[in-house]
Amino acid sequence: MHEYTSTCTAARVWGLTCPGLPEEVSRARRWTRDILRGSPLAEDAELIVSELSANAILHTASGRQSGSFSLAIEVSPQMVTLSVTDGGGAGTAPKVEHQDEEAEHGRGLDMVSAIAHRVVVNDSDHGHTVTAAFFTEAGRGGQLCG
């Protein structure tokens, strides 16, 4: 696990890479809970990391032998951002699909987008990164770096 402090609005960023095994989803949840302990966003963040980590293992090369997925959490006064990067190999990028309530699969990113203030999917040659962001009260009217 690596931590550093950015010069931009005192953001703190943590990163973690996990083997693509089902039991690593609970590790990702605990890690998220530990970092965001005391934050009103901790439970929602934990749920999102769980969903995105499970998706990476189930639907991409992350879940294959020697596969892995990476997580990043950025906390600043304006926002909390959670990113999960998978191992690619799925053929298509993750996307929000509005399934009916009876559907057994395909509702995860829809749920993530309902909880987070913003969800962005980035596709690269090495995998997909799904980023979910929560604006804090300071961030609703504040200026972000960038």
Could you tell me whether the side chain of Asn55 reaches within less than 4.5 Å of the side chain of Asp86, counting heavy atoms only? no
Checking Ser113 side chain against Asp110 main chain: does a donor-acceptor pair fall under 3.5 Å? yes
Please list, chain by chain and in numerical order, all residues satisfying side chain to side chain contact (heavy atoms under 4.5 Å, CB included) with Arg30, sequence neighbours excluded. Ser26, Arg27, Arg33
In chain order, what residues pass the side chain to side chain donor-acceptor pair (under 3.5 Å) check against Ser62, with sequence neighbours excluded? Thr60
Nearest 0.5 Å, please: how far is CG in Leu16 from OG1 in Thr32? 8.0 Å
Mind checking what makes side chain to side chain contact (heavy atoms under 4.5 Å, CB included) contact with Thr81, not counting sequence neighbours? Glu74, Met79, Ser83, Thr131, Ala133
Output the distance between atom OG1 (Thr136) and atom NE2 (His117), rounded to the nearest 0.5 Å. 9.5 Å
Do the side chains of Asn122 and Val120 get nearer than 4.5 Å, heavy atoms only? yes
Who pairs with Ser70 by side chain to side chain donor-acceptor pair (under 3.5 Å), at least two apart in sequence or on another chain? Thr17
What I'd like to find out is whether the side chain of Glu51 reaches to under 4.5 Å of the side chain of Val84, using heavy atoms alone. no
If you take all heavy atoms of Arg29 and Ser50, which pair is closest and at what distance? NH1-OG, 3.2 Å
Positive for side-chain contact (heavy atoms from CB on, under 4.5 Å) with Val25, one of Leu58, Ile57, Val49, Leu52: Ile57
State, with a plain yes or no, whether a side-chain heavy atom of Trp14 is found less than 4.5 Å away from one of Leu71. no
If you count heavy atoms of other groups shown closer than 6.0 angstrom to CD of Gln65, is the number above 12? no
Step by step, would you call Phe135 with Val80 a side-chain contact (heavy atoms from CB on, under 4.5 Å)? CA-CA 7 Å; Phe135 296 104; Val80 172; over 6 Å; no
To check you understand the geometry: which heavy-atom pair defines the closest contact between Phe69 and Ala56, and what is its length? CB-CB, 4.1 Å
Between Met111 and Leu47, does the side-chain contact (heavy atoms from CB on, under 4.5 Å) criterion hold? Intermediate values first, please. CA-CA 10 Å; Met111 176 201 63; Leu47 178 63; 4.1 Å; yes
Smallest separation among heavy atoms of Ala61 and Gly87, with atom names: CB-O, 3.6 Å
Going by side chain to side chain donor-acceptor pair (under 3.5 Å), name the residues that satisfy it together with Thr85, two or more places apart in sequence or in a different chain. Thr129
What residues form a side chain to side chain contact (heavy atoms under 4.5 Å, CB included) with Ala116, not counting sequence neighbours? Ile48, Val119, Ala132, Phe134
